[in-house]
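What follows is a structure written as structure tokens; I'll ask about it next.
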2 protein chains.
Amino acid sequence: MTMQQVAAEAGVSVSTVSKVLNGRYGVSPATSQHVMGVITRLGYEASLVARSLRNRRTNVIGVLVADFEPFSTEVLKGAADAIRDSGFELVAYSAGGRVDEHVGWERRYLSRVMGTLVDGAVLVTPTVTDVQYDGPVVAVDPHTGRSSLPTVAGDNLQGARLGVDHLIGLGHTRIGMVTGRPDLVSAQLRERGFREAHAAAGLDVDESLLALGAFETEQARVAAHRLLALPEPPTAVFAANDLSALAVLEVARERGLDVPGDLSVIGFDNVPESALSDPPLTTVEQPIRRMGHDAVALLLGLLDGAPVADTQLTLPTTLVTRRSTAAPRPA
Amino acid sequence: MTMQQVAAEAGVSVSTVSKVLNGRYGVSPATSQHVMGVITRLGYEASLVARSLRNRRTNVIGVLVADFEPFSTEVLKGAADAIRDSGFELVAYSAGGRVDEHVGWERRYLSRVMGTLVDGAVLVTPTVTDVQYDGPVVAVDPHTGRSSLPTVAGDNLQGARLGVDHLIGLGHTRIGMVTGRPDLVSAQLRERGFREAHAAAGLDVDESLLALGAFETEQARVAAHRLLALPEPPTAVFAANDLSALAVLEVARERGLDVPGDLSVIGFDNVPESALSDPPLTTVEQPIRRMGHDAVALLLGLLDGAPVADTQLTLPTTLVTRRSTAAPRPA
DNA sequence: CTGAAAGCGCTAACAG
DNA sequence: CTGTTAGCGCTTTCAG
């Protein structure tokens with residue numbers, strides 16, 4: 001169904017149809033009425049693509065994600081909250097998880113959709129630092145290195161302190177960590193928080209107790225196995241995100257360990273899924289939805305001509321105590 | 001960044017760049033090499049929109065949703081599971097919740113994106129029955145009335161029976177229901193299950209105990225208030241989905257009611273959020289993720305030339321007992 | 001092997 | 001008030 005066909009059906013030219021569709025002046029009420037009728041009858045709707053190619057503004061905001069998983073979909077919910085009644089539409093774009101092909105998927109996505117399909121974009125956990133796109137772009141949980149982009153993130157350092165302090169407060173002294181994606185500031189700060197918490201408590205960090213989980217289930221499982229197979233395994237594990245923590249829980253169960261009896265596990269993010277596990281996961285909450293909301297709000301501001309100031313929003317984190325942590329079994 | 005600019009930079013024509021980009025024959029290795037270099041150096045990526053307009057296939061699957069909320073994002077996660085390693089990309093499109101403007105957003109979306117932006121689409125809880133689009137389209141949790149589309153849905157009738165039987169088994173006889181969106185088969189079947197469970201137990205349904213929640217938080221809150229303000233209020237409420245159940249929980253708390261002491265509440269869906277409430281929600285689980293997965297798998301088959309048979313997938317539901325239901329307080 | 005030119009569906013000048 | 005026309009960025013014949 002093209003505008004051509006509508007025009008033919010209505011017995012007018014395409015430009016007339018276009019004018020009617022966009023409420024432009026210069027069409028007689030009669031013609032307008034008639035064309036409108038044909039449009040409705042045929043259920044015609046202008047192709048987003050053709051329109052995008054021609055117009056500068058599309059009134060569509062893009063959310064670019066590596067994959068649809070608990071974190072990115074929470075961001076999406078927040079983005080939806082912010083977009084409602086703004087007159088904008090939302091497109092979420094994912095390469096289907098095939099991101100390892102090249103790092104820098106976000107730059108590729110960006111050039112594919114910016115300027116045509118979308119007016120602006122929010123990048124969720126981008127992998128590269130040099131995404132200095134000229135258009136309006138906001139990053140959520142950004143890559144390490146100073147990107148020139150406005151960013152929104154949780155307070156990862158304080159959050160990690162919260163989590164590890166909780167473990168230490170419970171009496172744990174031998175604490176493992178499944179670390180996150182090394183290229184993200186969030187992961188780095190969480191590890192730093194882990195170390196600072198130890199230092200503050202006068203504890204040494206045993207480097208063999210750190211294992212790379214990379215924010216990925218499989219990788220985290222491998223890391224957990226390594227940690228738990230140690231001659232002197234940790235009595236508690238701080239996972240850099242909930243996905244990893246859930247993987248640790250799984251591995252612990254496979255190895256016949258009781259959580260929290262034999263092993264305490266704490267995550268980071270508080271994605272909704274974290275409450276579904278058995279036992280429910282103690283975790284550090286990060287206001288993900290709000291991060292998505294604020295990112296879009298920021299973007300909408302940018303689109304509205306706000307200066308691309310060096311905005312770096314940091315949202316507070318809190319401890320959510322559920323049942324995967326407890327005092328260590330006395331020796 | 002356009003192909004023009006790349007061509008200029010490389011000192012060749014746009015058609016040559018296009019050929020190189022798409023690996024077409026008829027370019028000398030030297031030229032190809034050189035152009036490739038320029039492309040990489042400039043970080044050029046072809047505009048999705050321009051390419052879509054010209055090509056028949058885009059290798060992109062669309063998921064069309066009314067809004068990004070817990071249900072649709074679960075479907076999205078499942079869709080992502082199915083798309084991985086298929087070579088397709090995923091675009092989720094939402095009008096930003098402004099769906100009440102017109103019913104039939106899905107038909108409008110469809111004509112906007114089908115044939116250009118996406119090769120096929122998954123419709124999540126469409127509002128109209130006559131979405132007989134000729135292209136490859138699959139509906140998840142479809143509208144009432146026999147649509148000619150392949151559909152994927154949970155076993156709503158059995159699920160509702162499960163939920164209400166649980167309440168009755170606990171000893172409740174005065175059970176309210178916050179009903180769903182009347183135009184969806186899912187909502188109708190859940191109500192039918194509610195009635196059948198009563199009949200099977202020899203209980204009468206008090207019609208004043210049914211209130212329209214429409215799968216919406218606000219509407220569900222109103223419904224809950226009406227139900228709980230009744231002279232003889234129900235001792236248990238079956239909500240047509242978790243969103244509504246969560247609203248009931250909220251209202252109960254506002255009215256000073258203890259759940260499950262004064263009121264048992266059961267939901268439907270088991271979205272991850274349902275475990276986060278206080279108390280955690282007892283609910284009927286529907287394999288939403290799998291529904292998204294299967295819908296995309298179906299679509300991929302269609303795209304691959306499978307016949308558009310009258311496929312109606314129905315996935316089983318199960319009861320998830322958490323802490324929002326208990327026996328009624330003895331009178 | 002390379003480039004010029006047409007056209008995908010639409011909008012915006014510009015003529016009539 | 002209406003229609004003709006020139007592109008938006010790209011792919012694809014078709015000549016050179």
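Given the structure is predicted, the values throughout are model-derived calculations rather than measurements. Below, read A as the first sequence line, B as the second, and so on, with proteins coming before strands; counting in each chain starts at 1.
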Which residue in the set V296(B), V122(B), V124(B), V140(B) passes side chain to side chain contact (heavy atoms under 4.5 Å, CB included) when paired with M291(B)?
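Answer after filtering V296(B), V122(B), V124(B), V140(B): V140(B).
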Partner set under side-chain hydrogen bond (donor to acceptor under 3.5 Å, both in side chains) for R51(A), not counting sequence neighbours:
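Not a single residue meets the side-chain hydrogen bond (donor to acceptor under 3.5 Å, both in side chains) criterion with R51(A).
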Please check: side-chain N/O of Q188(B) versus main-chain N/O of D183(B), any donor-acceptor pairing under 3.5 Å?
no
What residues from residues 32-44 of chain B pass a heavy-atom cutoff of under 4.0 Å to DNA chain C?
none
Please report the shortest heavy-atom distance between S111(A) and G43(B), naming the atom on each side.
OG-O, 4.1 Å
V152(A) and P142(A): which non-hydrogen atoms are nearest, and at how many Å?
O-CD, 4.2 Å
In this structure, how many angstroms lie between the P atom of dC8(D) and the CD atom of Q5(B), rounded?
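It is 12 Å, rounded to the nearest whole Å.
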Have a look at the helix from dC1(C)-dG16(D) to dG16(C)-dC1(D) and give the angle its two end axes make, five pairs each, rounded to 10 degrees.
50°
Q4(A) atom CD, neighbour heavy-atom count above 12 within 6.0 Å:
no
Heavy-atom closest pair, residues M114(A) and V118(A):
SD-CG2, 3.9 Å
Closest non-hydrogen atoms of I83(A) and E89(A), given as atom of the first, atom of the second and distance, are CD1-O, 4.2 Å
Contacts to DNA chain D from residues 45-59 of chain B, heavy-atom cutoff under 4.0 Å, which residues?
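The stretch gives A46(B), S47(B), A50(B), R51(B), R54(B), N55(B) as the residues lying under 4.0 Å from the strand, ordered by number.
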Euclidean distance, atom CD of residue Q4(B) to atom P of dT11(D) [Å, nearest integer]:
13 Å
Distance-only donor-acceptor hits, side chain of residues 25-34 of chain B, under 3.5 Å, sequence neighbours excluded:
residue	atom	partner	partner atom	Å
S28(B)	OG	T31(B)	N	3.1
S28(B)	OG	T31(B)	OG1	2.6

Salt bridge (charged side-chain N to carboxylate O under 4.0 Å, His left out): pairs with one or both residues in residues 68-83 of chain A, sequence neighbours excluded
E74(A)-K77(A), K77(A)-E273(B), D81(A)-R84(A), D81(A)-R289(A)
Excluding sequence neighbours, so at least two apart, what forms side-chain hydrogen bond (donor to acceptor under 3.5 Å, both in side chains) with T116(B)?
none
Assess whether side chain to side chain contact (heavy atoms under 4.5 Å, CB included) is satisfied between L21(A) and V6(A), documenting all intermediate values.
CA-CA 11 Å; L21(A) 206 59; V6(A) 176; over 6 Å; no
Among residues 13-25 of chain A, which contact DNA chain C at a heavy-atom distance under 4.0 Å?
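Per residue number, the list reads S15(A), S18(A), N22(A), R24(A).
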Test of understanding: with salt bridge (charged side-chain N to carboxylate O under 4.0 Å, His left out), list the residues that count as partners of R54(B), not counting sequence neighbours.
none
Partners passing salt bridge (charged side-chain N to carboxylate O under 4.0 Å, His left out) against D119(B) (at least two apart in sequence or in another chain)
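Partners of D119(B) by the salt bridge (charged side-chain N to carboxylate O under 4.0 Å, His left out) criterion, ordered by chain and then number, come out as R57(B).
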In chain order, what residues pass the ring-ring contact (aromatic ring centres under 6.0 Å, His included) check against Y93(A), with sequence neighbours excluded?
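For Y93(A) the ring-ring contact (aromatic ring centres under 6.0 Å, His included) partners, ignoring immediate neighbours, are Y109(A).
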At a heavy-atom distance below 4.0 Å, which nucleotide of DNA chain C is the first touched by chain B, and which is the last?
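Both ends considered, the range comes out as dC1(C) to dG9(C).
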